[in-house]
Amino acid sequence: MAVDTGQPVTKAAGGGTTARGPRRGHDERTPGRMRRALSKHWYAWTMIAPVVIVIGVIIGYPLARGVYLSMTNADERNVERTIGARTLEATYEFVGFDNYVEVLTGDAFWGRMGWTVLWTVSCVTLTFAIGLALANMLNRKVRGRALYRVLLILPWGVPAFVSIFAWRLLFNDDGVFNGVLTGGGVEGVTWLEDPTWAKIAVIAVNVWLGVPFMLVATLGALQSIPGELYEAAEMDGAGPWQRFTNITLPSIRTVSSTVILLSTIWTFNMFPVIFLLTQGGPYGSSEILVTEAFNLAFVRSPRDFAGSATWGVLILLILMIFAVFYRRSLRKQGEVW
């Protein structure tokens, strides 16, 4: 007849010593597992080690240095510098989070932040919509389709600064656009001297530069959709818009979500368009966060290295937070990447 002692068998048999056995065995097995993994995949670790080291030096050190400078009062007057044969030692001091408090409680950051968000959303929305529309057109069998593809991708192959300078000539007071308006009896527009028109101009140029990327990405996604789906939907009586919303958009969701994320990050930090076209003007109306950080470090006097680093770290944190929430929203929709 079995007797219930009220205790687990292991405890009754071995007292308190057996409870420590599994934990000690687990501690002993963990290093062994790591050693086996390293010995099994040593070749892979050897191959990626140079890449990890290079990335750590090129990205890791500047990032750590920037975070450190953002917690100091470093500027042009107190950093280490050489004057002739004499070297002046750095005298800047650690100030903690004072720079972040000053930036986040000031009007400049939030003013630039609002325009940066508007600029990013406008550019990404227009770029994706135009790129997807052109990709749908080029996905059909039309005469000269190869030539159209080359012409539409051409802006992507031209260096950005060349394209921006060309657009600047078009937007000048005596440029092509005002020439067309004047020839039609309409008064010319001060494109780059009026705050509203300057913002429209930079958005237009950035969309023109970004459409080829969206076109190539979405065209590749469209070509991977089986034609049988459209044929079956058409036989069931589905119209063009129903086929687009129920077949095209769901089928390219994986690609579109990725290119939208990349385009958002690139546009948020799109320095050349703003700097070369308007230089942040007029009166700083077209400044975005990244151009403000550049001005603090290289344009304004005395150059504020700590302030520029603070803006840079905040930009990085904003993009990281956006990427995290964007990924979570995609996972709720069933996308895993």
Side-chain angles (χ1 to χ4, degrees), residues 53-120 160-161 164-165 168 192-193 195 198-199 202 206 264-323:
I53 294 173
V54 170
I55 291 177
V57 173
I58 296 178
I59 299 179
Y61 173 74
L63 178 61
R65 179 67 175 173
V67 173
Y68 170 72
L69 285 177
S70 68
M71 297 183 179
T72 66
N73 61 351
D75 59 26
E76 190 176 12
R77 296 167 296 188
N78 56 23
V79 296
E80 182 180 349
R81 57 201 182 278
T82 301
I83 304 177
R86 184 181 178 186
T87 300
L88 300 179
E89 298 293 335
T91 58
Y92 57 83
E93 299 175 350
F94 186 83
V95 297
F97 293 98
D98 291 351
N99 292 326
Y100 293 94
V101 174
E102 181 180 356
V103 170
L104 294 176
T105 55
D107 296 332
F109 177 82
W110 296 110
R112 302 286 186 267
M113 180 67 181
W115 160 235
T116 303
V117 172
L118 177 61
W119 142 271
T120 303
F161 74 93
I164 295 169
F165 284 143
R168 187 177 178 86
L192 303 180
E193 297 177 6
K199 292 178 179 180
V202 294
N206 193 65
T264 300
I265 295 173
W266 292 340
T267 305
F268 200 88
N269 289 325
M270 182 54 71
F271 174 81
V273 173
I274 301 292
F275 184 77
L276 296 177
L277 191 63
T278 64
Q279 296 183 350
Y283 314 111
S285 60
S286 60
E287 292 274 10
I288 59 175
L289 296 178
V290 67
T291 57
E292 179 68 18
F294 175 85
N295 289 332
L296 288 172
F298 299 104
V299 177
R300 296 173 190 168
S301 183
R303 293 182 292 173
D304 188 359
F305 304 124
S308 177
T310 303
W311 282 69
V313 173
L314 289 174
I315 292 171
L316 177 62
L317 291 176
I318 291 170
L319 290 175
M320 290 176 62
I321 293 172
F322 167 76

| field | Any donor-acceptor pair under 3.5 Å from Asn73 side chain to Glu93 backbone | value | yes
| Does the side-chain contact (heavy atoms from CB on, under 4.5 Å) test come out yes or no for Phe94 and Met71, once each step is laid out? | CA-CA 6 Å; Phe94 186 83; Met71 297 183 179; 3.5 Å; yes
| Polar side-chain atom of Asn269 near backbone of Val290 as donor-acceptor pair, under 3.5 Å | no
| said: Going by the rule salt bridge (charged side-chain N to carboxylate O under 4.0 Å, His left out), which residues pair with Asp75 if we only count those two or more places apart in sequence or in a different chain? | reply: Arg77
| query | Between Trp311 and Leu289, is there a donor-acceptor pair closer than 3.5 Å when you use the side chain of the first and the backbone of the second? | reply | no
| query | What heavy-atom pair brings Leu296 and Arg300 nearest, and what distance separates the two atoms? | reply | CD2-NH1, 3.7 Å
| Rounded to the nearest 0.5 Å, what separation is found between the CD1 atom of Ile288 and the CG atom of Leu118? | 12.0 Å
| query | Do the side chain of Ser308 and the main chain of Phe305 share a donor and acceptor less than 3.5 angstrom apart? | reply | no
| query | Hey, what do you get for CG (Asn99) to CG (Leu104), rounding to the nearest 0.5 Å? | reply | 10.5 Å
| request: Evaluate the side-chain proximity of Ile318 to Thr116: yes if any heavy-atom separation is below 4.5 Å, no if none is. | output: no
| request: Over 60° means perpendicular and under 30° means parallel, so classify the ring planes of Phe294 and Phe271, tilted if in between. | output: tilted
| said: Working to the nearest 0.5 angstrom, can you tell me the gap between Met113 CE and Glu292 CD? | reply: 14.0 Å
| field | Partners meeting side-chain contact (heavy atoms from CB on, under 4.5 Å) with Val54 (sequence neighbours left out) | value | Ile58
| field | Test side-chain contact (heavy atoms from CB on, under 4.5 Å) applied to Arg65 - qualifying residues, sequence neighbours left out | value | Tyr61, Tyr68, Leu69, Tyr92
| request: Using salt bridge (charged side-chain N to carboxylate O under 4.0 Å, His left out) as the criterion, list what pairs up with Arg303, not counting sequence neighbours. | output: Glu76
| Test item: Arg168 and Leu192 side chains (from C-beta on) under 4.5 Å apart, heavy atoms | yes
| Is there a donor-acceptor pair closer than 3.5 Å between any side-chain N or O of Ser286 and the backbone N or O of Gly281? | yes
| field | Value rounded to 0.5 Å, distance of OG1 in Thr278 from CD in Glu287 | value | 7.5 Å
| Listed partners of Phe268 passing ring pair (Phe, Tyr, Trp, His ring centres under 6.0 Å), at least two apart | none
| task | Just jot down the side-chain hydrogen bond (donor to acceptor under 3.5 Å, both in side chains) partners of Ser70, sequence neighbours excluded, or say none. | result | Tyr100
| Phe109 side, atom CZ; Ile315 side, atom CD1 - distance, nearest 0.5 Å | 8.0 Å
| About how many Å separate CD1 of Ile55 and CD1 of Ile59, when rounded to the nearest 0.5 Å? | 5.5 Å
